[in-house]
Colleague: 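Starting off with a structure, shown below.
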Amino acid sequence: MQIEETTDSRANWQDQANCLGVDPDLFFPERGASTREAKEVCRGCVVRMDCLEYALVNGEKFGIWGGLSERERRRLRRQRAQATRRTSA
Ligand code: SF4
């Protein structure tokens with residue numbers, strides 16, 4: 001996922017993004033449209049985890065980040081929150 005602002009640490013991983021030069025629209029499909037192509041690009045991306053963490057930390061609500069859709073990221077956030085509650089209980 002290309003991020004316009006590249007003046008902080010994000011620039012490091014963005015430089016290695018597999019989606020550099022790929023049509024950004026691919027990563028923001030219309031509702032109900034396939035996410036398969038975008039996920040294929042992400043599958044081979046060496047900075048996938050950095051991208052995913054960036055999206056999770058920044059609450060990115062739209063698009064494919066780190067190979068996950070917004071729904072998949074919501075599920076992951078819930079699972080992490082539950083795991084954190086379990087370990088702190
Ligand atoms: S994981 Fe996907 S969206 Fe993120 S930088 Fe890599 S190719 Fe781009």
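One is the number of the first residue; the rest follow in order along the sequence. Numbering of ligands and ligand atoms starts at 1, following listing order.
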Colleague: Can you say whether the rings of Trp65 and Phe28 are parallel (under 30°), tilted (30 to 60°) or perpendicular (over 60°)?
Modeller: perpendicular
Colleague: Any atoms of ligand 1 less than 4.0 Å from a non-hydrogen atom of Gly66? List them with their elements.
Modeller: 1 (S), 4 (Fe)
Colleague: With salt bridge (charged side-chain N to carboxylate O under 4.0 Å, His left out) as the test, pick out the partner of Glu53 among Arg73, Arg80, Arg77.
Modeller: Arg80
Colleague: Tell me whether atom 8 (Fe) of ligand 1 has Cys19 as a neighbour, meaning an N, O or S atom of it below 2.8 Å.
Modeller: yes
Colleague: Write down the atom of Trp13, the atom of Val47, and the distance for their closest heavy-atom approach.
Modeller: O-CG2, 3.4 Å
Colleague: Which atoms of ligand 1 sit under 4.0 Å from any heavy atom of Ala17?
Modeller: 5 (S)
Colleague: With heavy-atom distances below 4.0 Å as the criterion, list the atoms of ligand 1 near Cys42.
Modeller: 1 (S), 2 (Fe), 3 (S), 7 (S)
Colleague: So, Cys51 and atom 4 (Fe) of ligand 1: N/O/S under 2.8 Å, yes or no?
Modeller: yes
Colleague: Got a salt bridge between Arg43 and Glu40, using NZ or NE/NH1/NH2 to carboxylate O under 4.0 Å?
Modeller: yes
Colleague: Salt bridge or not for Glu72 and Lys39, using N-O below 4.0 Å?
Modeller: yes
